[in-house]
Amino acid sequence: MASSATISSVGAQAALVSKPRNHGISGLKASSSISFELGSSFLGKTGSLRASVTTRVAPKAKSAARILPEASYKVAVLGAAGGIGQPLGLLIKMSPLVSELRLYDIANVKGVAADLSHCNTPSQVMDFTGPAELASCLKGVDVVVIPAGVPRKPGMTRDDLFNINAGIVKSLIEAVADNCPGAFIHIISNPVNSTVPIAAEILKKKGVYNPKKLFGVSTLDVVRANTFVAQKKGLKLIDVDVPVVGGHAGITILPLLSKTRPSVTFTDEETEQLTKRIQNAGTEVVEAKAGAGSATLSMAYAAARFVESSLRALAGDPDVYECTYVQSELTELPFFASRVKLGKNGVESIISSDLEGITEYEASALEALKPELKASIEKGIEFAHKQQGAAASV
């Protein structure tokens, strides 16, 4: 794969920037040591999502080295014609780091690709329809994003989605294992608490499992926490960072409000209200849409942010931190969402300090979420093993 950054002289289009301040590293202001000034940059120069992955540009100096990002990475979106897939494709199309945007779905993806191909950004858009074209879609890609599956409807829990979405994820991950086993794999399909363990078991069976490159995208929980806290406390949103740990459903979502940056105090009532709102925010959207869909736009926004963070890490940015659901030894559970440091090879380290010095309320909530998260993990693993057993008996 081509290098994603080259050093050039003053005439380059992107300037070397100052070291970011130590704040907001996984909030809306996710820190970066590279600032993109390309005309086609991700959401433009002032877009709020772009603001989440860049820092201020240092004053230009004639002798200063510049970093020129190249559109070098291939990203595949599996489920690209869906409610999340379409806006997600648009946001990824705006990244200056993407050379090829490959869109896959079982139907209706050609029109989505044609539409996105008219956007004057560097990446080439390619469409792939149905299982027969899935392998071609995946060969040689650097990042695979999987929003495929059915959405939540009023009255449905993420558990209700399990049987349908588990089978979809299984089939797609098998193709990923066969065609791009070294790619970063981003799982959006719910229930993430179970679909990530399913993916891990499939990859293990194929002999290509790398726990550092398999991610459950829980970024939306962080995005919501940052938004709700900023609104509640009258803070500047760009500066707010609330780490969210645990899982990605209901009570398994645990915002660590005591770790909010900038430092802010919450009453017991505020803590409980904010925690419950963050945990139930998906239901809030489902009910507001009254049967017309789930949280597709905010999910696409959060997923695009995580894609951009992954691309920055692949490009060599040394300061990329995000909360994500991964294989972990942070607790006794085999999978756990927490802040991690991302690098060229995936997860470089899991940030354990977020769980140190938490409040009594948070410690109690952490213990309360473990049985439900454990059950979801075991359900995913059991599903994968049953599928493997059935395949072996045929």
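In this text, all values refer to a predicted model and were calculated from it rather than measured experimentally.
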Ion pair [X]/[Y], N-O distance below 4.0 Å:
X: Arg305; Y: Glu308; result: no
X: Lys370; Y: Glu332; result: yes
X: Lys170; Y: Glu174; result: yes

Student check: side-chain heavy atoms of [X] and [Y] closer than 4.5 Å:
X: Glu201; Y: Gln387; answer: no
X: Leu90; Y: Asp115; answer: no
X: Lys206; Y: Pro181; answer: no
X: Glu362; Y: Thr271; answer: no
X: Ile278; Y: Val242; answer: no

Among the clusters formed by ILVMFWY side chains lying less than 4.5 Å apart, do [X] and [Y] turn up in the same one?
X: Ile381; Y: Leu333; value: yes
X: Met126; Y: Val77; value: yes
X: Ile164; Y: Tyr104; value: yes
X: Leu214; Y: Leu330; value: yes
X: Val208; Y: Val196; value: yes

State the [atom1]-[atom2] distance between [X] and [Y], to the nearest 0.5 angstrom.
X: Thr296; Y: Lys289; atom1: OG1; atom2: NZ; result: 3.5 Å
X: Ser294; Y: Met299; atom1: OG; atom2: CE; result: 10.0 Å
X: Phe336; Y: Leu373; atom1: CZ; atom2: CG; result: 7.5 Å
X: Leu256; Y: Glu356; atom1: CG; atom2: CD; result: 12.0 Å
X: Asn280; Y: Ile251; atom1: CG; atom2: CD1; result: 10.5 Å
X: Leu355; Y: Arg339; atom1: CG; atom2: CZ; result: 10.5 Å

Could you check whether any side-chain N or O of [X] sits under 3.5 Å from a backbone N or O of [Y], counting only pairs where one atom can act as donor and the other as acceptor?
X: Ser309; Y: Phe306; answer: no
X: Asp105; Y: Ala81; answer: yes
X: Arg102; Y: Lys139; answer: yes
X: Lys93; Y: Cys119; answer: yes
X: Asp127; Y: Leu103; answer: no
X: Asn193; Y: Ile377; answer: no
X: Ser189; Y: Ile146; answer: yes
X: Tyr321; Y: Ile351; answer: no
X: Ser364; Y: Tyr361; answer: no

**Message:** Could you go through Val307 and Leu91, starting from their C-alpha distance and side-chain angles, then the distance that decides it, and tell me whether this counts as side chain to side chain contact (heavy atoms under 4.5 Å, CB included)?
**Reply:** CA-CA 10 Å; Val307 168; Leu91 293 171; over 6 Å; no
**side chain to side chain contact (heavy atoms under 4.5 Å, CB included) between Thr275 and Gln279, intermediate numbers included** = CA-CA 6 Å; Thr275 298; Gln279 291 174 338; 3.6 Å; yes
Tell me the closest heavy-atom pair linking [X] and [Y], and the distance in Å.
X: Leu220; Y: Ser298; value: CD1-O, 3.6 Å
X: Leu116; Y: Gly89; value: CD1-C, 3.8 Å
X: Gly182; Y: Lys213; value: O-NZ, 2.9 Å
X: Lys259; Y: Asp354; value: CE-O, 3.1 Å
X: Tyr209; Y: Gln327; value: OH-OE1, 2.6 Å
X: Leu311; Y: Ser95; value: CD1-OG, 3.9 Å

**Request:** Indicate whether any N or O donor in one side chain lies under 3.5 Å from an N or O acceptor in the other, for Glu372 and Thr252.
**Result:** no
**Prompt:** Between Ser194 and Lys379, does any side-chain donor sit less than 3.5 Å from a side-chain acceptor?
**Reply:** no
**Item:** Steps toward side chain to side chain contact (heavy atoms under 4.5 Å, CB included) verdict (Val143, Ile92)
**Value:** CA-CA 11 Å; Val143 177; Ile92 295 173; over 6 Å; no
For [X], does the [atom1] atom have more than 12 heavy-atom neighbours from other residues, nucleotides or ligands under 6.0 Å away?
X: Asn108; atom1: CG; answer: no
X: Lys205; atom1: NZ; answer: no
X: Glu269; atom1: CD; answer: no

**Pairing residues for Lys212 by the salt bridge (Lys or Arg N to Asp or Glu O under 4.0 Å) criterion, not counting sequence neighbours** = none
**Request:** Quick one: do Leu78 and Cys137 satisfy side chain to side chain contact (heavy atoms under 4.5 Å, CB included)? Show the steps, please.
**Result:** CA-CA 9 Å; Leu78 310 185; Cys137 172; 4.1 Å; yes
**Request:** Apply the side chain to side chain contact (heavy atoms under 4.5 Å, CB included) test between Tyr325 and each candidate in Val192, Val217, Thr195, Thr219; give the one that qualifies.
**Result:** Val192
**Request:** Measure from NZ or CZ of Lys233 to the centre of the six-membered ring of Phe266 and say whether it is under 6.0 Å with the direction within 45° of the ring axis.
**Result:** yes
**Phe383 and Phe162 aromatic ring geometry - parallel, tilted or perpendicular at 30°/60° bounds** = perpendicular
Acceptor/donor pairs from residues 341-349 side chains to any protein atom, 3.5 angstrom cut, sequence neighbours excluded:
| residue | atom | partner | partner atom | Å |
| --- | --- | --- | --- | --- |
| Lys341 | NZ | Pro318 | O | 3.0 |
| Lys341 | NZ | Glu348 | OE1 | 3.0 |

